[in-house]
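We number each residue from 1, following the sequence as shown.
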Amino acid sequence: MKIAILGGDGFCGWPTTLHLSEAGHEVHIIDNLSRRWIDTELGVQSLTPMDSIQERCRIWREVTRRTIHFHLLDLATDYERLKGWLADHQPDAIVHLAEQRAAPYSMKTDRHKVYTVRNNTGATHNLLAALVETGIDAHLVHLGTMGVYGYSSIGAPIPEGYLDVEIDTPTGKKTQEILYPTRPGSVYHMTKSLDQIMFQFYAQNDGLRITDLHQGIVWGTHTAQTQRHDQLVNRFDYDGDYGTVLNRFLIQAAIGHPLTVHGTGGQTRAFIHIRDSVRCIELALSDAPRTGDRVRIFNQMTETHRVGDLARLVAGLTGAKVANLPNPRKEAAENDLIVKNDQFLALGLEPTTLADGLLEEVVDVARRFAHRIDRSRVPAVSAWTKELGAQVERDPEGRALRSVS
């Protein structure tokens, strides 16, 4: 297949690109490289050193004799160029990962909220409108988030996207299938909830074939393809805005930083290893809906864990200390999370679960590149409200100079 990967330079996009290229597909990356500019804005860098996207593609061709095509394009602002690209290249499938992906970044300031909504919803709607206008029958696979469901404790398994409800009518009770009610916990999660509504409309109105993957928190760093050459290594975020919780714990342990558990640690989250993430995208591409079908929704996760339990697991593995800090997020102190993921299991996914070897692999990467870590960027300081911001712990190691007067 000819596959366009939107956001193919990112944390999930790059290993997905390599995986699909090695599988024999013609792969095109479309990216505006905004994630690299955000690094510059935040004054932080990937733990792993990353070459330019052009150099990455060159190394991949040198190693595998396969070509990855790169196109510099901003989906949210360059609608006419996007439409022209689709008309010229006629992709068979599109993997949409071109959205600002960090909840803390989306809550930093009003400017970051505005940017996240403009970028994420603009990119998604421009893509949908361009697909309709060009008449291309491409299967669209979107990487969404489990966060659209919210984190409540109703005790029932979260279904894969849809919920059967019973409604009282003048003629008696009737059943109806609806999208599972969203309860986004950040502006970022709100944009993913808005994506769902846009997908539903364009599938029913224009017959677009869409698969929406509600993904859990991604951990790990290597895939079989990124290990083929040092310069193919995936990006690895450790900072308080973009670093995911388990990866952050493993990095903190590797550099002797306390494991920062915000609040009680009773928050339950869904997780998936980066290897399974790229495999799930491949499986979704191979099982496309037909024209006229409802949006196909998968829960893309393999296991759930409480944050505090993960901290204790990493502490037991590495000897690190755990620091309980005020929570900058506006969320329940504790929640349960029961999730169905039957569809991917039925398609043949063999889940990668938390294993000592893979945890140690991440710690080894962190130790190797520890000299690139700016410890001042490790604390999570982006707060959901001004009131919570006043309680944020910005110096969990106690390194700042203290007044003695």
If every non-hydrogen atom of [X] is compared with every non-hydrogen atom of [Y], which pair is closest and at what distance?
{"X": "Leu349", "Y": "Pro351", "value": "O-CD, 3.4 Å"}
{"X": "Arg367", "Y": "Ala254", "value": "CG-CB, 3.8 Å"}
{"X": "Asn335", "Y": "Arg269", "value": "OD1-NH1, 3.6 Å"}
{"X": "Ala311", "Y": "Val261", "value": "CB-CG2, 3.5 Å"}

Take Ser277 and Gln215 through the side chain to side chain donor-acceptor pair (under 3.5 Å) test and state the conclusion after the steps. CA-CA 8 Å; Ser277 178; Gln215 180 162 265; 2.7 Å; yes

If we ignore hydrogens and angles and just use 3.5 Å, is the side chain of [X] paired with the main-chain N or O of [Y] as donor and acceptor?
{"X": "Thr264", "Y": "Ala333", "value": "yes"}
{"X": "His189", "Y": "Val148", "value": "no"}
{"X": "Asp206", "Y": "Val132", "value": "no"}
{"X": "Arg235", "Y": "Phe11", "value": "no"}
{"X": "Arg248", "Y": "Tyr238", "value": "yes"}

Are the side chains of [X] and [Y] in touch, meaning some heavy atoms are under 4.5 Å apart?
{"X": "Leu140", "Y": "Thr211", "value": "no"}
{"X": "Leu259", "Y": "Val314", "value": "yes"}
{"X": "Pro396", "Y": "His257", "value": "yes"}
{"X": "Leu232", "Y": "Gln225", "value": "no"}
{"X": "Pro104", "Y": "Arg329", "value": "yes"}
{"X": "Leu246", "Y": "Ile217", "value": "no"}
{"X": "Asn126", "Y": "Lys83", "value": "no"}

Would [X] and [Y] count as having a side-chain donor-acceptor pair, cut-off 3.5 Å?
{"X": "Thr352", "Y": "Asp276", "answer": "yes"}
{"X": "Thr182", "Y": "Gln196", "answer": "no"}
{"X": "Thr223", "Y": "Arg275", "answer": "no"}
{"X": "Thr116", "Y": "Gln100", "answer": "yes"}
{"X": "Glu331", "Y": "Gln267", "answer": "yes"}
{"X": "His262", "Y": "Glu393", "answer": "no"}
{"X": "Ser382", "Y": "Lys108", "answer": "yes"}
{"X": "His222", "Y": "Asn234", "answer": "no"}

Verify the ring-centre separation between [Y] and [X]: is it less than 6.0 angstrom?
{"X": "Tyr180", "Y": "Tyr149", "result": "yes"}
{"X": "Phe298", "Y": "His214", "result": "no"}
{"X": "His229", "Y": "Trp60", "result": "no"}
{"X": "Phe70", "Y": "His28", "result": "no"}
{"X": "His71", "Y": "His89", "result": "yes"}

query = So His273 and Trp219, would you call those rings parallel, tilted or perpendicular, with 30° and 60° as cut-offs?
reply =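 Answer is perpendicular, since the angle exceeds 60°.
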
Neighbour count above 12 (heavy atom, 6.0 Å) for Glu177 CD
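Yes, the 6.0 Å shell around CD holds more than 12 heavy atoms from other groups.
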
- Step-by-step side-chain contact (heavy atoms from CB on, under 4.5 Å) determination, Asn247 to Asp237: CA-CA 8 Å; Asn247 277 357; Asp237 300 305; over 6 Å; no

Problem - Pair Glu361-Thr221, side chain to side chain donor-acceptor pair (under 3.5 Å): steps then yes or no - result: CA-CA 8 Å; Glu361 175 185 286; Thr221 178; over 6 Å; no

Checklist line | Among Thr77, Asp74, Asp9, Asp78, side-chain hydrogen bond (donor to acceptor under 3.5 Å, both in side chains) partner for Asn32 | finding: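 Passing option: Asp74.
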
Could you check [options] and say which one makes a side-chain contact (heavy atoms from CB on, under 4.5 Å) with [X]?
{"X": "Leu75", "options": "Leu127, Leu82, Asp31", "value": "Leu82"}
{"X": "Met50", "options": "Gln231, Arg35, Arg36", "value": "Arg36"}
{"X": "Val27", "options": "Thr16, Leu20, Leu18", "value": "Leu20"}

Mind running side-chain contact (heavy atoms from CB on, under 4.5 Å) on Thr124 and Glu99 for me, showing each step along the way?
CA-CA 8 Å; Thr124 297; Glu99 295 180 277; 3.5 Å; yes

Does NZ or CZ of Arg101 lie under 6.0 Å from the centre of the six-membered ring of Tyr188, at an angle within 45° of the ring axis? no

>> Can you confirm if the NZ or CZ of Arg56 lies within 45° of the ring axis of Trp14 and under 6.0 Å from the centre of its six-membered ring?
In response: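 Yes, a cation-pi geometry.
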
Derivation of the side chain to side chain donor-acceptor pair (under 3.5 Å) call for His112 and Glu41: CA-CA 11 Å; His112 294 88; Glu41 174 203 348; 2.7 Å; yes

request  = To the nearest 0.5 angstrom, please state how far the CG atom of Asp195 sits from the NE2 atom of His125.
outcome  =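 Taking CG in Asp195 and NE2 in His125, the distance rounds to 11.0 Å.
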
